[in-house]
**Student:** 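Got a structure for you, questions after.
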Amino acid sequence: MLEIKDLNVFYGSIHALQGVSFNVNEGEIVTLIGANGAGKSTTLRSVSGIVKAKSGEITFCGKKINSVPAHKIVRMGLSHVPEGRQIFPNLTVMENLMMGAYTRKDKNEIKSSLEEVMERFPRLGERSKQMAGTLSGGEQQMVAIGRGLMSKPSLLILDEPSMGLSPVLVDEIFSIIKKINQQGVTVLLVEQNAFMALQVANRAYVLETGRIIFSGKASDIQADPRVRQAYLGENDEEAS
Amino acid sequence: MENLADQIINGLQLGLMYALIALGYTMVYGVVKLINFAHGDVFMVGAFVGYFGFTQWGMSVPLAVLTAMVVCSALGVIIERIAYRPLRYAPKIAALISALGVSLFLEFFSSLKFVFGPNYRVVQRPFEEVHWNVLGLNITNIQVIVFVTVLIMLALLQFLIYRTKVGMAMRTVSVDHNAARLMGVNVDNTISMTFAIGSAFAAAGGVLYAIAYPQIHPFMGIMPGLKAFTAAVLGGIGIIPGAVLGAIIMGQVETLTSAFLSSQLRDAIAFFILILVLLVRPTGILGRNEPDKV
């Protein structure tokens with residue numbers, strides 16, 4: 001479904017992604033894990049067109065999308081829930097969700113998507129008229145994911161969905177991600193919480209300073225001693 | 001007392017015209033975080049187009065206003081495309097200098113003989129000014145036209161921004177360009193749209209201004225432009241109701257100063273307010289100090 005080949009991205013003179021290649025198959029949950037600054041978000045941002053790659057190829061559903069502007073990529077069925085949620089605080093919860101359906105025309109279909117989202121996140125229904133900026137962190141994350149689903153994506157990209165949330169909410173968010181996937185949405189997930197990400201993912205890629213250093217089945221990666229030490233906090237006092 | 005009430009009505013007329021200009025400053029600031037210093041000159045072009053419309057092209061006043069709005073929308077879009085878009089992600093000072101350049105260009109280009117010419121022109125009103133005495137207040141037909149036009153335009157803007165898809169896109173672009181892009185919003189088009197709307201409002205303000213204070217010239221946009229900018233800052237730059245509130249206050253301050261203190265102090269007091277706001281409450285009356293989000 002999504003295929004990335006030899007992706008190179010620069011921020012000025014900084015070579016942020018150095019030949020990253022990976023793929024996501026239909027129906028999977030794939031996770032990219034790695035430390036801060038490894039290039040996880042940059043990878044996602046180049047997939048959704050916010051950052052332009054210097055070289056390499058990004059193919060989505062058989063189409064090369066390197067030079068497609070970000071606002072058109074959404075229409076192709078790729079939805080990116082950005083890091084830090086980036087909900088629109090000056091819009092109501094309902095308006096935020098409707099922004100997710102910005103590219104869609106059919107009012108009845110939009111309505112049924114909205115009902116699905118409300119069913120998945122009942123709390124958003126209660127707060128639909130409230131300004132999104134007044135919600136708690138967990139609720140804002142639900143708005144962000146709900147908004148991402150409103151475009152009816154075939155591929156949902158989630159960047160750090162558990163950031164800043166309490167452990168209970170982290171569990172809730174991950175079980176939601178799993179359910180979304182079970183209902184037929186392919187998921188590409190970036191997480192610093194590698195432990196949780198590896199629990200839900202089918203496959204994983206480990207990024208380090210702009211390169212992929214390991215890849216494989218999530219269960220294998222989880223068992224790999226090098227990964228355990230570096231990313232799962234085992235024998236590592238600095239782990240956070 | 002009656003004189004005071006009359007002056008308040010005069011001030012409201014002036015303030016509502018400032019509001020039409022101030023909205024353009026504040027909307028453009030909202031989406032691109034840029035003070036469009038050429039905005040006062042777009043107002044001037046609007047005044048000229050409207051003037052030609054009802055004096056030389058045989059248009060009715062409403063048609064002249066609409067024509068000026070269309071011409072200035074196009075002008076606003078072109079200005080953004082040529083002078084601001086290439087600098088959008090450059091340091092802010094670059095776009096600001098570019099804006100000042102556009103402003104000077106419009107003023108001096110308009111002064112050329114084959115454009116509008118450098119002279120003051122007296123506007124022949126297409127209708128007579130009529131004075132009415134309503135409950136002891138002196139009201140003119142021009143004031144009624146200004147009030148009605150501005151109220152209709154404010155209602156339209158409110159509808160556009162809070163009830164339409166374009167308006168929703170504008171509100172998202174004002175928060176974060178990239179987040180809006182991820183929703184499928186064409187940010188460039190939305191910014192063009194904002195310039196078009198802001199410029200159309202300034203144009204309508206220009207035509208009304210030319211009818212109310214019937215004299216126009218290529219540099220007529222400077223003072224109302226600066227006053228409207230002050231109004232936008234006073235109300236809270238980027239906040240739409242703030243622009244209207246600030247403009248109404250500015251209109252009152254200006255008119256009451258001329259009527260009861262001295263007309264020479266009028267501009268000095270107006271800009272003293274700007275300095276005071278920047279020193280005491282730079283976010284403006286309706287602005288809030290929002291903490292930076294993580």
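These values consider heavy atoms only, across backbone and side chains, with no hydrogens, waters or symmetry-generated copies.
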**Student:** When heavy-atom pairs shorter than 4.5 Å are enumerated against chain B, which of A:Ile73, A:Ile87, A:Leu78, A:Val74 gives the highest number?
**Tutor:**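 Heavy-atom pair counts peak at A:Val74.
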
**Student:** What's the verdict on salt bridge (Lys or Arg N to Asp or Glu O under 4.0 Å) for A:Glu109 and A:Lys152, showing C-alpha distance, side-chain angles and the deciding distance?
**Tutor:** CA-CA 9 Å; A:Glu109 284 183 23; A:Lys152 215 173 186 189; 5.0 Å; no

**Student:** Quick check on B:Arg81: does its CZ atom have over 12 non-hydrogen neighbours (other residues, nucleotides or ligands) under 6.0 Å away?
**Tutor:**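 Count not over threshold, so no.
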
**Student:** Tell me, yes or no, whether the heavy-atom count around A:Lys52 atom NZ, taken from other residues, nucleotides or ligands under 6.0 Å, exceeds 12.
**Tutor:**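 Enclosed.
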
**Student:** Output the option from B:Asn186, B:Asn178, B:Asp176 having the highest count of non-hydrogen pairs under 4.5 Å with chain A.
**Tutor:**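 Of B:Asn186, B:Asn178, B:Asp176, B:Asn186 has the most heavy-atom pairs under 4.5 Å with chain A.
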
**Student:** Quick check on A:Glu26: does its CD atom have over 12 non-hydrogen neighbours (other residues, nucleotides or ligands) under 6.0 Å away?
**Tutor:**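 Open: at most 12 neighbouring heavy atoms sit under 6.0 Å from CD of A:Glu26.
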
**Student:** What part of A:Met150 lies closer than 4.5 angstrom to a heavy atom of chain B: side chain, backbone, both or neither?
**Tutor:**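 Interface part for A:Met150: neither.
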
**Student:** Pick whichever of A:Met99, A:Arg85, A:Arg147 has the most heavy-atom pairs under 4.5 Å with chain B.
**Tutor:**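 Highest number of heavy-atom pairs under 4.5 Å: A:Met99.
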
